[in-house]
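Remember, it's 1-based here, ligands and their atoms both numbered in the order they're listed. These numbers come from a predicted model, not from an experiment.
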Amino acid sequence: MQPSIFNVRVPIDDRDAVFLMNTFTDAQLIVSRDVSDLLDRIGREPVEPGPIQPSPIEPSEEEREALQTLVENGFLVENRETDRRNIEDFFTAFRSSSEQLRVTVLTTLQCNFACDYCLQGDHGDWNKTAAKMSMETAAKLADWIEARLDALGSKSFAMTFFGGEPLLNMPVVYYLSERLWDACQARGISMYSSIVTNGLLLTPDMVDRLTPYGLGGVKITLDGDRDTHNRMRPLRGGQGTFDKILQNIRLIAHKVKVSIGGNFDESSVDSYPALIQYLREQDFADKLQKVSFKPIIREQKPAQPKGFIALTPVAADGKPGKPLNGACMSSAGSGVTSSAGGCDTCGFLDDKTSFLREETTRAGFKTVDGVHMGPCEIHKSHAHTVGPDGSLYACPGFATELGQSVGHIDGRHDDLRTEAAKRFDKITGWHECKDCSFIPVCAGGCSAAAHVELGDMNKPNCHKPAFEAGLVALAHQAARALEPAMAG
Ligand code: SF4
Ligand code: SF4
């Protein structure tokens, strides 16, 4: 037997203990140093496969019990080849699972905001030409989704409305919600829908109309405290939007689960503690389901395709734990810049992400833990993003770049889409990650960010320091949770 590739550990010095986690099995243990030393000894002197043998490490009776627990939780495996095989099998099963059909619908590429970090939005003549889904396309999309549900036999259906600003096309939102709710009811399938919105147009009436048809969550973006948000996310004329959005949240927070997301950069990050504090003081604070902030990806290459999506689109309903939750990790995915060699900007952002996570937790809000981040939906065959014209994409990070479309709801085939589908079918960025312990929760990082920043979606987009920082926080949280039990 050998220690698993996917073991990670954090010393808990004030307890003379060690937090052990296996990122593949998600097992988490707090053990004495003796047990982690035992793992190290086995790492140096592997025990032969099969039942735990007394030789060559000659464990005591107590150690034998510890070894058994380590085996049962995946910390000890037959050999490293077993781990490598297991992870490939896991990704294959993850890709082909038809348990849930997920569809992200871009109701429009128009937006009423003029954020300078987003290529979409109310800049220049963008809104005059930006596509908007017609009712005819929405009807065809509903037909296509019903056919997919029938073909796959899925047990659940998750639909996310995204854009542009999805609330600029409410007829499509209402139509798809109502029709697909009925379709799911008729088939005995559970349905959950969510909206990722800037929040400016959100009203209680919208929520009241949609909740009977499966609306379970709304994710609203705030980019810092009032002044910073108003600078980052203004209307075209420069008017601020913060107060109106907060007022809208106040009116709906008791009706539907609201999550707050935010996109920060070097110029805005310092305003986030003030935002967190401000949210804490609001009468709706206890109603917020999750508060999480991510770095903005600024494109590194001079000429990028117009329309690259720079907001966080998925997993408004993501829950930590297995099966892994598939959350986009930053404003265009997990992104930020290059890999472990990392530039200063990358280090800065990883660092600040951890800092903001701690601030958010300290204020009593639920947030992402920084470890259970993926694999994201690009690794799932039955997760689709649908553009306003009915084009299909592998994930929201590639949507609107027509050359990356992998199909169309009308079933048309052309060489470009066929080639793109083949490319996305074999995204395996983690193959270059050797035996990294974080592969099960990272899968090589955000392929959309790798595409933009590295020019190759199959390259790892590495933020290992962010995972390591998340792991330290998780370890200390686990140690704190144990305190009452130990005191008792
Ligand atoms: S590849 Fe990136 S943008 Fe696409 S779903 Fe994954 S994390 Fe999100
Ligand atoms: S991208 Fe980095 S953190 Fe992710 S699996 Fe690869 S080496 Fe590990």
Side-chain angles (χ1 to χ4, degrees), residues 5-8 23-24 83-84 87-88 90-91 94-95 102-104 106 158 160 162 196 219 261 263 292 294-297 299 307-316 318 324-342 346-347 350 353 368 370-385 392-401 404 406 423-424 427-454 456-471:
I5 294 166
F6 306 120
N7 291 348
V8 285
T23 60
F24 181 65
D83 263 344
R84 294 185 191 112
I87 196 69
E88 290 302 321
F90 167 71
F91 281 124
F94 187 79
R95 178 169 290 281
R102 294 179 72 105
V103 176
T104 298
L106 308 189
T160 301
F162 186 56
V196 183
K219 184 167 186 178
N263 308 312
S292 55
K294 300 161 185 189
I296 292 166
I297 315 284
E299 293 171 81
F308 186 84
I309 289 175
L311 294 175
T312 308
V314 296
L324 298 165
N325 58 338
C328 272
M329 294 160 64
S330 85
S331 51
S334 75
V336 207
T337 53
S338 64
S339 64
C346 178
D350 281 348
T353 305
V368 292
V371 179
H372 297 91
M373 302 305 286
C376 64
E377 68 175 62
I378 203 166
H379 301 287
K380 279 184 107 52
S381 294
H382 305 303
H384 309 272
T385 295
L392 295 166
Y393 299 89
C395 88
F398 288 94
T400 74
E401 198 182 325
Q404 303 294 352
V406 295
R423 275 198 303 281
F424 283 99
I427 282 194
T428 45
W430 70 89
H431 282 175
E432 288 193 26
C433 298
K434 304 215 165 56
D435 283 345
C436 173
S437 305
F438 291 104
I439 289 174
V441 288
C442 174
C446 171
S447 305
H451 169 65
V452 171
E453 295 165 1
L454 311 173
D456 183 350
M457 65 177 81
N458 251 313
K459 289 258 176 254
N461 182 264
C462 187
H463 292 279
K464 201 167 183 173
F467 280 107
E468 285 164 343
L471 183 69

_Students should be able to answer this: which protein heavy-atom is nearest to atom 4 (Fe) of ligand 2, and at what distance?_
Cys442 SG, 2.3 Å

*Which atoms of ligand 1 sit under 4.0 Å from any heavy atom of Ser447?*
1 (S)

*Report, in ascending order of atom number, the atoms of ligand 2 lying under 4.0 Å from any heavy atom of Cys433.*
1 (S), 5 (S), 6 (Fe), 7 (S)

*Under the side chain to side chain contact (heavy atoms under 4.5 Å, CB included) criterion, do Phe91 and Ile439 qualify, and how do the steps go?*
CA-CA 10 Å; Phe91 281 124; Ile439 289 174; 3.8 Å; yes

*Is Cys376 close enough to atom 2 (Fe) of ligand 1 to have an N, O or S atom under 2.8 Å?*
no

*asked:* Only heavy atoms of Cys395, strictly under 4.0 Å: list the atoms of ligand 1 that pass.
replied: 1 (S), 3 (S), 4 (Fe), 5 (S)

*Describe, in one word, how the ring planes of Phe438 and Phe467 are oriented to each other, choosing from parallel (under 30°), tilted (30 to 60°) and perpendicular (over 60°).*
parallel

*Interfacing atoms of ligand 2 (cut-off 4.0 Å, heavy-atom, Ile439)*: 5 (S)

*By number and element, which atoms of ligand 1 are closer than 4.0 Å to a non-hydrogen atom of Cys446?*
1 (S), 2 (Fe), 3 (S), 7 (S)

*Quick one: are Glu377 and Thr104 in side-chain contact, heavy atoms under 4.5 Å?*
yes

_Gly444: numbered ligand 2 atoms lying under 4.0 Å from its heavy atoms_ = 1 (S), 5 (S)

*Can Phe162 and Thr385 be said to form a side chain to side chain contact (heavy atoms under 4.5 Å, CB included), step by step?*
CA-CA 9 Å; Phe162 186 56; Thr385 295; over 6 Å; no

_How far is atom 2 (Fe) of ligand 2 from the closest protein heavy atom, and which atom is that?_
Cys462 SG, 2.3 Å

*Distance-only, no hydrogens or angles: does the Ser437 side chain make a donor-acceptor pair with backbone N or O of Ile5 under 3.5 Å?*
yes

*Greater than 12 external heavy atoms within 6.0 Å of Lys380's NZ*: yes

*Any idea how Phe398 and Phe424 line up, ring-wise: parallel (<30°), tilted (30 to 60°), or perpendicular (>60°)?*
perpendicular

*Identify the protein heavy atom lying closest to atom 8 (Fe) of ligand 2, giving its residue, its atom name and the separation to 0.1 Å.*
Cys436 SG, 2.3 Å

